[in-house]
**Q** 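Mind looking over this structure? Questions follow.
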Amino acid sequence: MDIKELLYVLSELDCIGNITDAADKACEILSQYAKVKKTNGNNVIGFLKGKADYTIMLDAHIDQVGFIVTDIDENGFLTVSTVGGIDLRALPSRSVTVHSKQKITAVFCSTPPHLSNGDAEYDTISKIKLDTALGKKAKDIVSVGDFVTYNQECFDLANDLVCGRSFDDRAGVVCLLELAKRLSEKELPINVAFALSTGEELGLRGAITAAFSLNPNEAIAIDVDFGDSPDVPAEQSSVLGEGGIITYSPILEKKINQKLTNIAKENDIPYSTFVTGGKTSTDADMISISREGVKTSLISIPLRNMHSEVEILSLSDLTHLCDLLEKYILSGGVFNA
Amino acid sequence: MLDLLKQLCLIDGISGDEGNVSDFIINEIKDFCEYKVDNLGNIICFKKGKHTATKKVMLDAHTDEVGLIITSITEKGYLKFKNVGGIDNATLLFKKVKINGKVSGVIGGKPFHLLSSDDRKKAPKDLYIDIGVKSRDEALALVSLGDSAVVQSDFEILGECIKSKALDDRIGCLILITLLKNFDEYDFYATFTVQEEVGLRGAKTAAFSAAPDFAIAIDSTTAADIAGVSDESRVCVQGKGAAVSFMDNSTVYDKAMYNAAINSGITCQPKAFVSGGNNAGAIHLSGNGVRTMAISAPCRYIHTSNSIVNTKDIESMISLCEYMLKKLASGNLE
């Protein structure tokens, strides 16, 4: 599968709570190139052996945002809670998939026109009910604790932009799988561990145990960051199509960034940089404080409409990010002296 | 029947751009009736029955759906638009659209993470369509000002119900097509009209051409039988049959026609709230005045891409239309 196919296949599968379809598929693909295992917390770990006794951990999170059912009423309306950060303003009339005994489609209620005073408030998820259209029968099919996901399928926009759900961070997972494929055919100077971690959207949870068990010498997290769009100030975003974003922050390791930047320049690989003043809200925050501390950096993919089901990215950014990381790893990482 | 409805709903046709819907309908009905297309694009059909009608009856459904029209393009190639028909902006944010039925785009917005706690509560505004281009010139190679855009969604069966875009009023179109194909007791007129969502405009000229004694507007109306809405504000309830109107914002309906429907013995319900309006508003004021009624599908999330209607209610609407058509055409209503 090429990068686009891989992104489409993995994004149209879901991974939230006990739903692990995307993780299972990613695990199956990763196992073609690397030695894989699943950990207790449902992280998928892949390992490629290199020459030196030195391990670089590459991390991307496999989970996605969504909802969980907390109540089912007599008329087939569900109350849900969010799993991760969701823009409630965009829920009315949206159709979603309820992962119940049998998968069903349901629609979030919108305000009927005659009751709308033009001043709707979207402050509480429990007020925005989810309509199964099943009436009383809903209770036979849906259970409290069932997960609910977006269901938009992927599609092409102009140029090489693509759109779909869960690109945060299935795009990062796709980069790891592409890198595993490329690196499995090469002689490696160092060990490479691939971590597809769960629970990022609920507080970077999977990365905590993944980093502990891998005990790497250095690490790079691959996640998404804000892409340029009319609503986002230029200084808070990166332009789609200008390459992966090398992130600078007090908690990240500058030497990794410097080497990444040098490699990008020497090989004419497009990249951009983004600077933040503290934590990054990515798995890098947790990996870097694992055990005695891990030198960690973060490369991001510019993404528009983050946490919606119409996230947009440029396929060339994924290719360029893979080119950069492939060269970086083949060069032996940064502390392998 | 559901297959035909699916095909009708999935055609994009906003007010003023109903051509593809009309072409599809003409292809369906051309062997069953005489028809002409008027200057606005209305299809006016006459179906000859076994018996000549004592009174001229017109059944009407509108072909257009709500949507968006492209009004300008920014320097960076984002498309600005206006709503065509009544649409709640909250139902637009982060949805997939198609422009002219071929160019895919997305209604974009600020990511959740960057919204202030105040912004998170307010309805989204200043919406735009992102088609993935980098400049106005690049955009103009794909779309033009005045092009139509429609929010995309799948046609799906949810238990007894269907979920789709454009149920308002492709259900009406489905019913007219069904009657033109199957009802042959009396002569009748069927009009497929344009531009309902922008002020009942097609129905005005269609009613002038047909010049009926009686008219039935077949449309959809809000079913607010959803969680959190009190009984008296529900308008109508899904699964309890066609909604028959006594009054809305456009019409005070003919009481004899209303009573005949409610007492027909066919499962139906009053539209129990004065709200909304439909083509009856234009038809009943045509010529010297036309005695008019409205038969509507109770529709949840009307004017959104994921409207829901119960299929039993559609069956009730067909039965009620046939019943009223017989009664009116045979001259059996005072």
Side-chain angles (χ1 to χ4, degrees), chain A residues 73 75-77 79 85-95 104-107 109-116 118-123 127 129 131-135 137 152 155-163 226 228-232 236 241 281 303-310 312, chain B residues 74 76 78 86 88 90-91 93-96 103-115 120-124 126 128 130-134 138 142 153-154 156 158-161 163 222 224-229 233 235 238-239 273 275-276 300-308 310:
Chain A
D73 82 6
N75 301 312
F77 292 90
T79 307
I86 300 264
D87 187 347
L88 305 185
R89 302 173 311 152
L91 295 184
S93 90
R94 185 170 301 281
S95 95
I104 58 166
T105 299
V107 175
C109 294
S110 60
T111 313
H114 68 293
L115 299 176
S116 159
D119 213 19
E121 290 239 323
Y122 306 93
D123 51 339
K127 284 190 206 158
K129 302 295 179 185
D131 186 358
T132 62
L134 294 173
K137 286 185 199 144
Q152 177 64 57
F155 59 97
D156 298 358
L157 291 173
N159 298 315
D160 76 331
L161 300 200
V162 291
C163 182
F226 304 121
D228 59 323
S229 76
D231 306 291
V232 184
Q236 275 179 309
S281 301
L303 185 78
R304 289 179 187 155
N305 307 330
M306 199 185 289
H307 285 198
S308 79
E309 66 175 335
V310 285
I312 296 173
Chain B
T74 71
K76 289 197 164 172
Y78 296 103
D88 177 355
T91 67
L93 182 61
F94 297 137
K95 292 252 169 87
K96 178 186 181 183
V103 178
S104 293
V106 163
I107 300 176
K110 202 181 224 187
F112 168 78
H113 319 63
L114 300 177
L115 291 172
R120 284 183 187 184
K121 293 178 192 167
K122 287 186 206 143
D126 299 326
Y128 60 87
D130 183 350
I131 56 173
V133 297
K134 293 193 184 78
E138 231 186 293
L142 296 169
S153 109
D154 294 333
E156 286 183 74
L158 314 181
E160 280 179 5
C161 297
K163 182 226 82 165
T222 304
D225 58 336
I226 61 175
V229 175
S233 300
V235 186
Q238 292 202 325
F273 201 93
S275 66
R300 288 180 185 168
Y301 324 118
I302 198 164
H303 287 199
T304 80
S305 56
N306 289 309
S307 298
I308 294 179
N310 192 311

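Hydrogens, waters and symmetry mates play no part in the numbers below; they use all other heavy atoms, side chains included. Letters go in sequence order (proteins before strands), and every chain restarts at 1.
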**Q** If I measure from the heavy atoms of chain B, does D156(A) come under 4.5 Å with its side chain, its backbone, both, or neither?
**A**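 It is the backbone, since no side chain atom gets that close.
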
**Q** Once rounded to the nearest 0.5 Å, what's the spacing between atom NZ of K95(B) and atom OG of S93(A)?
**A**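 K95(B) atom NZ to S93(A) atom OG measures 3.0 Å (nearest 0.5 Å).
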
**Q** When you check the gap from the basic side-chain N to the acidic O, do D87(A) and R120(B) get nearer than 4.0 Å?
**A**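 No salt bridge links D87(A) with R120(B).
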
**Q** Using 0.5 Å steps for rounding, measure from the CD1 atom of I308(B) to the SG atom of C109(A).
**A**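 Those atoms lie 8.5 Å apart.
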
**Q** Where does Q238(B) contact chain A at under 4.5 Å (heavy atoms): side chain, backbone, both or neither?
**A**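 No part of Q238(B) comes within 4.5 Å of chain A.
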
**Q** Test of understanding: with side chain to side chain donor-acceptor pair (under 3.5 Å), list the residues that count as partners of N306(B), not counting sequence neighbours.
**A**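 N306(B) satisfies side chain to side chain donor-acceptor pair (under 3.5 Å) with S153(B), K163(B) once adjacent residues are dropped.
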
**Q** Side chain, backbone, both or neither: which part of S233(B) has a heavy atom under 4.5 Å from chain A?
**A**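 Interface part for S233(B): both.
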
**Q** Can you sort out the partners of A90(A) under side-chain contact (heavy atoms from CB on, under 4.5 Å), two or more places apart, ordered by chain and number?
**A**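 Per chain and number, A90(A) pairs via side-chain contact (heavy atoms from CB on, under 4.5 Å) with R94(A), L93(B), F94(B).
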
**Q** Between V106(B) and R304(A), is any pair of side-chain heavy atoms under 4.5 Å apart?
**A**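 V106(B) does not reach R304(A) side chain to side chain.
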
**Q** What's the verdict on side chain to side chain contact (heavy atoms under 4.5 Å, CB included) for N305(A) and K110(B), showing C-alpha distance, side-chain angles and the deciding distance?
**A** CA-CA 7 Å; N305(A) 307 330; K110(B) 202 181 224 187; over 6 Å; no

**Q** Are any non-hydrogen side-chain atoms of D130(B) and S229(A) less than 4.5 angstrom apart?
**A**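 No; the side chains remain at least 4.5 Å from each other.
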
**Q** How long is the gap from OG on S95(A) to CG on L158(B), to the nearest 0.5 Å?
**A**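 One finds 8.5 Å between OG of S95(A) and CG of L158(B).
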
**Q** Can you find a pair of side-chain heavy atoms, one from P230(A) and one from T74(B), that are under 4.5 Å apart?
**A**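 They are not in side-chain contact.
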
**Q** For the candidates Q152(A), H307(A), E309(A), which exhibits the highest count of non-hydrogen atom pairs separated by less than 4.5 Å from chain B?
**A**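 That would be H307(A).
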
**Q** For V103(B), is it the side chain, the backbone, both, or neither that has a heavy atom closer than 4.5 Å to a heavy atom of chain A?
**A**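 No part of it gets close to chain A.
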
**Q** How far does CG of D131(A) sit from OH of Y301(B), to the nearest 0.5 angstrom?
**A**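 One gets 3.5 Å once the value is rounded to the nearest 0.5 Å.
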
**Q** Side chain, backbone, both or neither: which part of L303(A) has a heavy atom under 4.5 Å from chain B?
**A**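 L303(A) has no heavy atom closer than 4.5 Å to chain B.
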
**Q** Shortest non-hydrogen contact from G132(B) to N159(A)?
**A**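 Heavy atoms only, the tightest pair is O-ND2, 3.1 Å.
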
**Q** Could you look at L134(A) and say if it's the side chain, the backbone, both or neither that has a heavy atom under 4.5 Å from chain B?
**A**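 Just its side chain gets close to chain B.
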
**Q** With a 4.5 Å heavy-atom cut-off, do T222(B) and P113(A) have their side chains touching?
**A**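 With C-beta onward as the side chain, the pair touches.
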
**Q** How close do S275(B) and H114(A) get, counting heavy atoms only, and between which atoms?
**A**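 Scanning both residues, the minimum pair turns out to be CB-CB, 3.7 Å.
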
**Q** Under 4.5 Å heavy-atom distance to chain B, tell me which part of L115(A) shows up: side chain, backbone, both or neither.
**A**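 Only the side chain of L115(A) comes within 4.5 Å of chain B.
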
**Q** Supply the atom-to-atom distance R89(A) CZ to K122(B) NZ, rounded to the nearest 0.5 angstrom.
**A**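 Those atoms lie 10.0 Å apart.
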
**Q** Which one of K76(B), E138(B), H113(B) has the most heavy-atom pairs closer than 4.5 Å to chain A?
**A**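 The option with the most such pairs is H113(B).
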
**Q** Less than 4.5 Å to any heavy atom of chain B: does that hold for the side chain of T132(A), its backbone, both, or neither?
**A**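 Backbone only.
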
**Q** Between D160(A), T105(A), V232(A), who has the most heavy-atom pairs with chain B when the cutoff is under 4.5 Å?
**A**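 Looking at each of D160(A), T105(A), V232(A) in turn, T105(A) comes out on top.
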
**Q** Could you pull out the closest heavy-atom pair between R300(B) and A133(A), with the gap in Å?
**A**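 That closest heavy-atom pairing would be NH1-CA, 4.4 Å.
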
**Q** Check V133(B) against A158(A) and note the closest heavy-atom contact, atom names and distance.
**A**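 Minimum heavy-atom separation between V133(B) and A158(A): CG1-CB, 3.6 Å.
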
**Q** Go through the steps for D231(A) and Y128(B) under the test side chain to side chain contact (heavy atoms under 4.5 Å, CB included), then give the verdict.
**A** CA-CA 10 Å; D231(A) 306 291; Y128(B) 60 87; 3.1 Å; yes

**Q** What distance separates F226(A) CZ from L114(B) CG, expressed to the nearest 0.5 Å?
**A**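 It is 4.0 Å, given to the nearest 0.5 Å.
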
**Q** With side chain to side chain contact (heavy atoms under 4.5 Å, CB included) as the test, would you mind laying out the steps for F112(B) and M306(A) before giving the verdict?
**A** CA-CA 7 Å; F112(B) 168 78; M306(A) 199 185 289; over 6 Å; no

**Q** Heavy-atom distance under 4.5 Å to chain B: side chain of L161(A), backbone, both or neither?
**A**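 Side chain only.
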
**Q** For D225(B), which atoms come within 4.5 Å of any heavy atom of chain A: side chain, backbone, both, or neither?
**A**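 Looking at D225(B), just its backbone touches chain A.
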
